[in-house]
Structures are given as structure tokens and as C-alpha cells.
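Step one of this worksheet: look at the structure below.
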Number of protein chains: 2
Amino acid sequence: MNIGEVSKKAGLPPKTIRYYEDIGLITPLRDPNGYRSFRDSDMHKLAFLGRSRALGFTIEDCRNLLALWDDQDRASADVRAIAKEHLAQIESKIADLAAIRDTLSHLVRECAGDGRPDCPILNKLEKFPT
Amino acid sequence: MNIGEVSKKAGLPPKTIRYYEDIGLITPLRDPNGYRSFRDSDMHKLAFLGRSRALGFTIEDCRNLLALWDDQDRASADVRAIAKEHLAQIESKIADLAAIRDTLSHLVRECAGDGRPDCPILNKLEKFPT
DNA sequence: CTTGACCTTCCATCTACTGGAAACTCTATC
DNA sequence: GATAGAGTTTCCAGTAGATGGAAGGTCAAG
């Protein structure tokens, strides 16, 4: 399989696939003409990576998950630990964003949004402690 | 005021302050020895930037907000538009993250997390459509 | 034989900083 | 006056995770 076909099947841009090879996540074969030749196993890895990335795992997490996936003797505890840690980070990010959202929506509601210069948003940014 | 003092007062690392000068957000004066010399107005801009960044505005948003802040004839509608757009992005990001959180917490709950290799998390990453 | 789609590598760019090296300045102390 | 230490300067490189584009090789169709 050439990169274009894999790209369609895995749902990842060719650029991204080449990048994943660069950083050693996959190692496709090469045809005599220099084209990358992807095995089914490469395809599966890429699909796995796509899903992991879609869940927000970092590349390094993906690398570890991929290694665990390959390892028939893995302990599910190891996988779970990565996911749990990631989940905690997601939750903390959500909390941060929710706080920002609350502040912002309050300010947006307060601002007249007309032609006059008075603006509670700028006032807040100007005066309040961080 | 030297950079160290401003750094403390504005709550931004010196590196960040130099960076903000680099990209033209502030233009402090220079003392004869080459040291940056920050006026009160620079300080206020930096504090403003710190707060805007803390609310997650991009640097370009900050640049625009700063310009509006400086403009006595601004229309609050312009400020509000920036904030509203940003709010929409925050909300969409929260929604994305919440979906991820739901998926992940479900998987983490399902996974035994013991020494055995069976793992619903890996199964999901392996099989399911993105 | 040419056209166009596909593939290759390499280098640059993006966001918003951050780290570190080498060198200069200032202040305090001896 | 020497020196130590803190503060400052510039410059270069690196982070995450790609993405864009240029210059060129390859392949299949007509």
C-alpha cells in the first residue's frame, strides 16, 4: 500500500504519516522506487495512533500505548495508568476552561457592545488582579 | 523600572517580557547602559497582557485588545466581538474535552487494571472507528 | 511523449514561550 | 581597587505536533 491509500484508510494526512515515521512510531518498508510500502500492521498502527490522538493522548503516550498493544504479556494496569493520568489532565483542563468561560460569558453579557467606548471587558483586563 | 521589578509587579517572567517586546507588544525605553527602562504605561500594558493571556486570548487577540484599550474612541462592540468569538472557541473546546473525558472515564472504569493483558482501552483504540 | 497525479526529501513555519551560554553592568563588601 | 554575586543583555536552540511549500523523481493513461 502506498501512502495515499493508507492516508485515506487511516484518516491521517500523508504529512502526518511521514512525520510519524520520522519520529519512529512506524517503520514502513520501501519499494524499489523509494515509495513507502505499508503493511497491514502499519495501517493498524496508524489507525490506532489516529484514535489515540483523537482522544488527546500525547505522542509519547501513544508510543507507550503502542508498545503495550504490541506486548502480549502486558499488564492492563499499565494501560489503565496512562489513561487515568491523561483523564486527570483532561479534567483539570476542563476545569480551567470552565472558569475562563464563566468569567468571559459574564463579561460578554455585561458589555453593551455598541458604538460607545465604555467596556467592562477592558475594565476587567485593565484593573483586576490575575 | 528594570525588567526584574516589572517582572515581579506584572507577574510575568523576564523572558516573556522580552518576548513581548520582540513581537512588538510593548516598546520600553533604554537606559544608557542598555538596560530596558519600563514606564508605568509599559507596566500597565504588561499587566493587561498577563490578564488577557490568563483568560486564554491569543497573542493576536491581545494585540487587538491592547489597541482597542489604547483607543479612546473605540466601540465596545469591537471588544465584545473578540471576546465573544473567543468564548465560542472555549466552549467548543470544552465540549470536545468533555466528550473525550466521557469516553476515557468509561474506559478506565471498564479496565480491570491488574496484571492480566486483557484491556478494553486497547480494544477500543484498536477497533473502533474514530 | 506528454500530462497529471502521486511520491520523495528538505527546509521553513506555526504558538507562545523557555532554557542556556557568553558577556556586560551594577552594588556591596573587603 | 579588587572581587563576588545579582541582575541584565543578546543570540541561538528547542518544545509539540504537525503543516506548507519547493524542487524533483515516478507512474499510468491517452
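Both backbone and side-chain heavy atoms feed into the values below; hydrogens, waters and symmetry mates do not. Chain A is the first sequence line, chain B the second, and so forth, proteins listed ahead of strands; every chain is numbered from 1.
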Value in whole Å for how far the P atom of dT19(D) lies from CG of Leu12(A): 9 Å
Comparing nearest nucleotides in DNA chain C, the 5'-proximal residue of the pair Tyr20(B), Lys15(B) is Tyr20(B)
Can Glu60(A) and Arg63(A) be counted as an ion pair, charged N to O under 4.0 angstrom? yes
Taking it one step at a time, do Thr103(A) and Ile100(A) satisfy side-chain contact (heavy atoms from CB on, under 4.5 Å)? CA-CA 5 Å; Thr103(A) 302; Ile100(A) 290 176; 5.8 Å; no
Under 4.0 Å, heavy atoms only, any strand: does Phe57(B) hit a base, just the sugar-phosphate, or nothing? nothing
With a 4.0 Å cut-off on heavy atoms, is Pro14(B) in touch with a base, just the backbone sugar-phosphate, or nothing at all? nothing
Using OP1 and OP2 only, check whether a side-chain N or O of Thr16(A) sits under 4.0 Å from dT19(D). yes
Would Leu46(B) end up clustered with Tyr35(B) when hydrophobic side chains under 4.5 Å apart are linked, directly or stepwise? no
Phe38(B) CZ to dT8(D) C1', straight-line distance once rounded to whole Å: 11 Å
Starting at the 5' end of DNA chain C, which residue's closest nucleotide do you reach first, Glu5(A) or Thr58(B)? Glu5(A)
Take Lys45(A) and Asp42(A), measure what salt bridge (Lys or Arg N to Asp or Glu O under 4.0 Å) needs, and give me the verdict at the end. CA-CA 5 Å; Lys45(A) 279 189 187 181; Asp42(A) 296 317; 5.7 Å; no
Integer-rounded Å distance: dG7(D) P and Arg30(B) CZ: 19 Å
Measure all distances between protein nitrogen or oxygen atoms and nitrogen or oxygen atoms of nucleotides 26-30 of chain D, and list the pairs falling under 3.5 Å.
| from | atom 1 | to | atom 2 | distance (Å) |
| --- | --- | --- | --- | --- |
| dT26(D) | O4' | Tyr35(A) | OH | 3.4 |
| dC27(D) | OP1 | Asn33(A) | ND2 | 3.2 |

Heavy-atom donor-acceptor pair, Ser76(A) side chain to Pro117(B) backbone, under 3.5 Å: no
For Ile17(A) and dG17(D), give me the distance from atom CD1 to atom P, rounded to whole Å. 17 Å
Gap between atoms CG and C1', on Asp31(B) and dG7(D) respectively (whole Å): 13 Å
Give me the first and last nucleotide of DNA chain C, going 5' to 3', that has any atom under 4.0 Å from a heavy atom of chain A. dC6(C) to dC10(C)
What is the distance, rounded to the nearest whole Å, between atom OH of Tyr19(A) and atom C1' of dA16(D)? 6 Å
Are any of the side-chain nitrogens in Arg18(A) or Glu21(A) under 4.0 Å away from the carboxylate oxygens of its partner? no
Flag the pair Lys93(A) and Asp96(A) as a salt bridge only when some basic side-chain nitrogen lies within less than 4.0 angstrom of an acidic carboxylate oxygen. no
Given atom CD1 of Ile3(A) and atom P of dT19(D), what is their separation to the nearest angstrom? 13 Å
Mark yes or no for whether Asp114(A), through its side chain, and Arg116(A), through its backbone, hold a donor-acceptor pair below 3.5 Å. yes
Please report, rounded to the nearest Å, how far the P atom of dG25(D) is from the CZ atom of Arg36(A). 17 Å
Any Arg18(B) side-chain N or O less than 4.0 Å from OP1/OP2 of dT9(D): yes
Quick check: does any side chain N or O of Asp31(B) sit under 3.5 Å from a backbone N or O of Asn33(B), one acting as donor and the other as acceptor? no
